[in-house]
Engineer: 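Shown below is the structure under consideration.
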Amino acid sequence: MKVLSVASEVYPLIKTGGLADVAGALPAALSAHGVDMRVLLPGYQQVMAKLRNPVPHARFDDLLDVRATILASVLDGVDYLVLDAPELFDRKGGPYTDADNADHPDNWLRFAALCRAAANIAEGALEDWTPDIVHAHDWQAGLTPVYMKQGPAAAMPTVMTIHNIAFQGQFGPDIFPKLDLPAPVFSMDGIEYYGDVSFLKGGLQMATAITTVSPTYAQEIRTSAFGMGLEGLINARSDSLHGIVNGIDTDVWDPSSDPFIAASYSLAKPKKRQTNRKALADCFKFPDSDKPVFTVVSRLTWQKGIDVLTELADDIVAMGARLAVLGSGDQTLETALQAAAERHPDDVGLVLGYNETLSHLMQAGGDMILVPSRFEPCGLTQLYGLRYGNVPVVARTGGLADTIIDANEAALAAEVATGFQFSPVSPDALRQALRRAIRAFGEPKVWERLQNRGMKADVSWDRSALSYANLYAELLVPMSEKP
Ligand SMILES: Nc1ncnc2c1ncn2[C@@H]1O[C@H](COP(=O)(O)OP(=O)(O)O[C@H]2O[C@H](CO)[C@@H](O)[C@H](O)[C@H]2O)[C@@H](O)[C@H]1O
């Protein structure tokens, strides 16, 4: 079975968040189930610099008025198809923003072109490879099923995965004529959304199946509290909606072979974890101590509940614990955390920015990973935490609720607890969860068991890759053969 995956970021070529991890891990995870997955992504400067022996496969003189080439390149066993369109992607900055962190004004065109190219591939643009199914991720790939529906690949099944429904790719109606789509597509059953164009809505409307990255989030987005305005559409399509929880790449995230951490360790040989604790303390300029260290690796935003966490920074210190944060995001939250770090230089630390290497040491050297998100489609850092013995303390929402078992009395007695959950996302509820975690940390036997159970938990892609493979297989059964 051949599947084209379309994403705006793919680890290890380019990453700003969890989408890249998932799009990067799926090809290998699915190949075990007989799926030949190739990944189409934009040829940003960072991507072009990493390609090895790229081979031009198809040229487009007029991809929405832009000249572009599809380059094929294999890296670490993954087949990449890169949309090389210098006019759109040969720029400084991140995948979505310029060097000053401002959104590119033509993001609609950059990602519409990606989707148009994906549809061209579905229609046979590559001589040697045409997919059976196309799998689009998030709004940047949302127009893919829309373009496909208008042409010769209209019958090919498509999957639209929502990694975060808060980002919808909404643009003014003036862009519609430039998308090269028939006029009726700009309607309520198409890509029109309150008079604007919405890339994600279009994808959700036209895809054969919709998935999101955990069963709980699949239910949550059917409600107005989580659906961000798209709950009506999600409900209308609930028969085609699937929640498949994310796994993690257990080769990239493996404390026994991780090149980014200070010392390797494992369930069988846990002692060296201590060396990582020390390295993390050095990194944050904390003096030597046994105090429990709460870690955060996150975008610093309202979604992630960082405002609530920041309010509790002084309490954490008063409770005899420490807080180490790696992230960047809203200026006010960055400033507030910075101020907390200045008030408590020995116990609160902030590293601003994006740092892949440090994100691994945070998991290997922290005692707890804190994820106080108001909503979280799946969340990956709590899964990395489990694997590294960095016990998760999470809000009871979305994928966090699905992946962590709260250490209540019953779960502790049954020996199944893996972390701490709290709800709602309020200072009081978070404070209580932190207290419970600190208390458990003070009981070495209880703590060791919690850590061990997390490290043993199956956070791999095995089960979920099978769910995707089964979904693809189901979509390929012709309508006439369906019961
Ligand atoms: N400053 C920093 N330096 C280095 N690394 C950093 C970093 N800040 C974050 N990261 C890394 O970026 C990733 C973040 O992934 P998450 O799943 O936690 O959230 P995100 O909101 O990006 O993803 C969305 O998509 C994913 C994938 O489906 C869903 O799990 C999630 O719920 C949804 O919001 C992790 O790999 C983390 O280690």
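Note that ligands are numbered from 1 as they come in the structure, with each ligand's atoms numbered from 1 the same way.
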Engineer: Is the closest heavy-atom distance from G353 to ligand 1 below 4.0 Å?
Structural biologist: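 A heavy atom of G353 does come that close to ligand 1.
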
Engineer: Classify the ring geometry between F420 and W447 as parallel (under 30°), tilted (30 to 60°) or perpendicular (over 60°).
Structural biologist: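 Correct class here is parallel.
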
Engineer: Just need the protein heavy atom nearest to atom 32 (O) of ligand 1, so name the residue and atom and give the distance.
Structural biologist: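 Going by distance alone, atom 32 (O) of ligand 1 is nearest to E376 OE2, 2.5 Å.
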
Engineer: Classify the contact between S359 and ligand 1 as side chain, backbone, both or neither, using a heavy-atom distance cut-off of under 4.0 Å.
Structural biologist: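 Side chain only.
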
Engineer: Answer yes or no for G399: is there a heavy-atom contact with ligand 1 below 4.0 Å?
Structural biologist: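 No heavy atom of G399 comes that close to ligand 1.
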
Engineer: May I ask you to list the atoms of ligand 1 that are less than 4.0 angstrom from any heavy atom of T381?
Structural biologist: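 Result: 37 (C), 38 (O).
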
Engineer: Relative to each other, are the rings of F375 and W302 parallel, tilted or perpendicular (30° and 60° limits)?
Structural biologist: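 Rings of F375 and W302: tilted, as their planes differ by 30° to 60°.
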
Engineer: For T212 and I162, indicate whether the former's side chain and the latter's backbone hold a donor-acceptor pair under 3.5 Å.
Structural biologist: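 Yes: the side chain of T212 pairs with the backbone of I162.
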
Engineer: Of the choices T161, V297, T397, which has the non-hydrogen atom that lies closest to atom 38 (O) of ligand 1?
Structural biologist: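 Going through T161, V297, T397 one by one, V297 has the nearest heavy atom to atom 38 (O) of ligand 1.
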
Engineer: Which ligand 1 atoms does R299 reach within 4.0 Å, using its non-hydrogen atoms?
Structural biologist: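 Those of ligand 1 that fall under 4.0 Å from R299 are 20 (P), 21 (O).
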
Engineer: For ligand 1, which is the ligand I care about here, please tell me if W253 has any N or O atom under 3.5 Å from one of the ligand's N or O atoms.
Structural biologist: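 N/O-N/O distance under 3.5 Å: no.
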
Engineer: Applying salt bridge (Lys or Arg N to Asp or Glu O under 4.0 Å) as the test, list every pair that has at least one member in residues 381-391; sequence neighbours left out.
Structural biologist: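 Salt bridge (Lys or Arg N to Asp or Glu O under 4.0 Å) check on residues 381-391 returns D254-R387.
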
Engineer: Check each heavy atom of L380 against ligand 1 and say whether those closer than 4.0 Å belong to the side chain, the backbone, both or neither.
Structural biologist: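 Within the 4.0 Å criterion, L380 contacts ligand 1 through backbone and side-chain atoms alike.
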
Engineer: For atom 27 (C) of ligand 1, which of V213, L300, N246 has the closest heavy atom?
Structural biologist: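 Ranked by closest heavy atom to atom 27 (C) of ligand 1, first place is N246.
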
Engineer: Using the benzene-type ring in the case of Trp, are the ring centres of W253 and Y384 under 6.0 Å apart?
Structural biologist: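 Yes, the ring centres sit under 6.0 Å apart.
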
Engineer: Do any N/O atoms on D21 end up under 3.5 angstrom from N/O atoms on ligand 1?
Structural biologist: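 Yes - when backbone and side-chain N and O of D21 are compared with those of ligand 1, one distance drops under 3.5 Å.
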
Engineer: Decide if the gap between the ring center of H135 and the ring center of Y468 is smaller than 6.0 angstrom.
Structural biologist: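 Yes, the ring centres sit under 6.0 Å apart.
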
Engineer: Going by atom type alone, with no hydrogens or angles, which donor-acceptor pairs under 3.5 Å involve a side-chain atom of residues 392-400 and a protein atom two or more places apart or on another chain?
Structural biologist:
unit_1, atom_1, unit_2, atom_2, d
R396, NE, Q421, OE1, 2.9
T397, OG1, E220, OE2, 3.2

Engineer: Under 3.5 Å, N or O to N or O, is G17 touching ligand 1 that way?
Structural biologist: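 Among all N and O atoms of G17, none is under 3.5 Å from an N or O of ligand 1.
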
Engineer: G327 heavy atoms, cut-off 4.0 Å: which ligand 1 atoms fall inside?
Structural biologist: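 Once the distances to G327 are compared, the set is 1 (N).
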
